[in-house]
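Heads up: the structure comes next, in structure tokens.
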Amino acid sequence: MPQPAIFADRLHWGLLHTFLVIAEEKSLSRAALRLNVTPSAVSHSLRRLEEQTGGRLVDRNRQRFALTGQGALLHEAALDICKRINVLDTTFASGVPAISGTLNLLMLSTLVSDTFDIFLTDFCKRFPLLAMHVETLPSSIILKKIGQNLPSLGLALCPRETRDIRRAPLIPQRYALYCGRNHPLFTRERVTRQDLLAENFVSFFSDQMGDSLAALAEYREKHRFTGTVVASANDQDEVKRLLYAGYGIGCLADDSARKDVLEGRLRRLPPEKGIADVPVYLVWSGQRKLQPAEIIFINGLCDAFGRERPFPAAGETGETHGA
DNA sequence: AGGTCTTTGTCTACTGCGTT
DNA sequence: AACGCAGTAGACAAAGACCT
């Protein structure tokens, strides 16, 4: 006894294209015009598709045209198929295999960069089959995960390159001193560097010698700041919260604090030129064999920021590179 | 009433597959 | 290779429903 054909076997894919045009034109006649066939041919095709799918796909009469629930589901699936087929067009033309899968990105929070956002927009268009998972974490956790060879790339503060962690400097970040609106210095007309030396500090956990924000601690030490650290956090947003509360003065990246200054929550303090540059690095495992998508992402991001490509020979051919 | 849109029935052309 | 069969796509004609 013959088995009933599974859905994909009994469905004629060509009818899906006709159905997509019908759904877009919201009319069989207009679909026929666009497909360069007669309206009856479109009607026949729709009926055949409804027979194959086992239910009505379109509620249609002279007054009304609407996809049924089943029709909407099929339309969504057909769009997805269409999108995947369209990718093949550029793939075949370029001779480069389509990149698919998932790219995991670990990012430090409150990273502000128009260049990165523009890069991501372009990357999304170029590789629509590649899913992106983004998790925000403190830099120390990102480096730990990358060092454990988890299948991820990171955007983090990275004080040094090691055998396990490779890095490329990406986004320059100038750190400066700030106070919140509840701090006594916020409303003082003129503030000099001398006024800051005895002020209590809000700091990052990583704001210690040898850690990723050591440059901030070095500055305090070098310029003989005598105030004590009265509050600390591992995250830029939480440091801001402590500054808003008025615990003390603290360091923040200018890019992440700019909006708060404009909106009257923070005040930028001397020195005018800031106190240290701590770039955000693109980091990846030095031990794990990277996926083609990861290499393309790394090279593309370095291109976007005008940095040297770490994998210049790889191009975008899908060739893989280890450390 | 005439025009438009959709549906239905019938026919032809084409293609793929199995058989000879 | 040639043939026949089955399935599919699409054209044509006709009819029904609805709008102006």
Side-chain angles (χ1 to χ4, degrees), chain A residues 1-104 118-133 151 289-297 299-300 314-321:
Chain A
M1 183 175 157
Q3 295 297 313
I6 62 171
F7 188 43
D9 285 347
R10 66 174 189 264
L11 191 72
H12 281 252
W13 302 89
L15 297 178
L16 284 182
H17 177 241
T18 301
F19 177 62
L20 268 181
V21 176
I22 292 170
E24 279 169 29
E25 296 294 337
K26 296 184 170 53
S27 153
L28 301 197
S29 308
R30 285 197 297 272
L33 271 176
R34 199 171 124 189
L35 292 166
N36 209 21
V37 295
T38 61
S40 74
V42 176
S43 179
H44 276 303
S45 295
L46 182 56
R47 199 183 66 180
R48 274 194 290 273
L49 188 62
E50 287 180 331
E51 283 166 4
Q52 289 168 15
T53 55
R56 202 164 168 79
L57 300 171
V58 180
D59 272 338
R60 66 244 191 220
N61 56 45
R62 289 277 292 134
Q63 299 85 39
R64 174 180 159 78
F65 180 99
L67 297 181
T68 61
Q70 198 167 321
L73 283 174
L74 187 67
H75 182 233
E76 198 177 317
L79 276 177
D80 192 44
I81 291 166
C82 192
K83 186 173 156 190
R84 286 168 176 267
I85 293 293
N86 281 337
V87 168
L88 293 181
D89 184 33
T90 46
T91 300
F92 291 160
S94 65
V96 176
I99 298 294
S100 62
T102 300
L103 202 149
N104 296 303
I118 291 166
F119 164 76
L120 215 50
T121 304
D122 179 57
F123 193 78
C124 166
K125 280 184 191 154
R126 286 177 62 205
F127 304 103
L129 302 185
L130 183 64
M132 179 78 79
H133 284 178
K289 185 175 182 176
L290 299 182
Q291 297 300 311
E294 293 176 316
I295 292 172
I296 290 170
F297 187 86
N299 280 343
E316 295 187 352
T317 62
E319 185 185 343
T320 55
H321 279 242

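Only a predicted model underlies this, so the values are computations on that prediction, with no experimental measurement involved. Heavy atoms only: backbone and side chains are in, while hydrogens, waters and symmetry mates are out. Protein chains get the first letters and strands the later ones, always in sequence-line order, with residue 1 at the start of each.
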*With the sugar-phosphate defined as primed atoms, P, OP1 and OP2, and the base as all remaining atoms, what B/S/- string results for nucleotides 8-13 of chain B, 5' to 3', for protein heavy atoms under 4.0 Å?*
BBB---

*Please list, chain by chain and in numerical order, all residues satisfying side chain to side chain contact (heavy atoms under 4.5 Å, CB included) with A/T18, sequence neighbours excluded.*
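Listed in chain order: A/I22, A/L35, A/V42, A/S45.
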
*asked:* Going by side chain to side chain contact (heavy atoms under 4.5 Å, CB included), name the residues that satisfy it together with A/L79, two or more places apart in sequence or in a different chain.
replied: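 Checked A/L79 against side chain to side chain contact (heavy atoms under 4.5 Å, CB included); matches are A/L20, A/H75.
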
*Results of side chain to side chain donor-acceptor pair (under 3.5 Å) for A/S43 - residues two or more places apart only*: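 Side chain to side chain donor-acceptor pair (under 3.5 Å) check on A/S43 returns nothing, list empty.
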
*Only counting residues at least two apart or in another chain, list the ones meeting side chain to side chain donor-acceptor pair (under 3.5 Å) with A/Q70.*
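In terms of side chain to side chain donor-acceptor pair (under 3.5 Å), with neighbours along the sequence ignored, A/Q70 is linked to no residue.
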
*A/L67 vs A/L73 side-chain heavy atoms within contact, under 4.5 Å*: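 They are not in side-chain contact.
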
Over how many whole Å does the gap from [X] atom [atom1] to [N] atom [atom2] extend?
{"X": "A/H17", "N": "C/dA9", "atom1": "NE2", "atom2": "P", "result": "14 Å"}
{"X": "A/L49", "N": "C/dG7", "atom1": "CG", "atom2": "P", "result": "19 Å"}
{"X": "A/F19", "N": "C/dA9", "atom1": "CZ", "atom2": "P", "result": "16 Å"}
{"X": "A/L16", "N": "C/dA9", "atom1": "CG", "atom2": "C1'", "result": "15 Å"}
{"X": "A/L28", "N": "C/dG10", "atom1": "CG", "atom2": "P", "result": "14 Å"}

*For DNA chain C, what dot-bracket results from Watson-Crick or G-U pairs at under 3.5 Å, with [ ] for crossers and | for inter-strand partners?*
||||||||||||||||||||

_With A/R47 via salt bridge (charged side-chain N to carboxylate O under 4.0 Å, His left out) - residues at least two apart_ =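 If we apply the salt bridge (charged side-chain N to carboxylate O under 4.0 Å, His left out) test to A/R47, skipping adjacent residues, the hits are A/E51.
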
*With A/E76, which residues qualify under salt bridge (charged side-chain N to carboxylate O under 4.0 Å, His left out), at least two apart?*
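For A/E76 there are no salt bridge (charged side-chain N to carboxylate O under 4.0 Å, His left out) partners, ignoring immediate neighbours.
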
_Among residues at least two apart in sequence or on other chains, which ones pass ring pair (Phe, Tyr, Trp, His ring centres under 6.0 Å) with A/F297?_
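Once residues adjacent in sequence are excluded, the partners of A/F297 under the ring pair (Phe, Tyr, Trp, His ring centres under 6.0 Å) criterion are A/F119, A/F123.
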
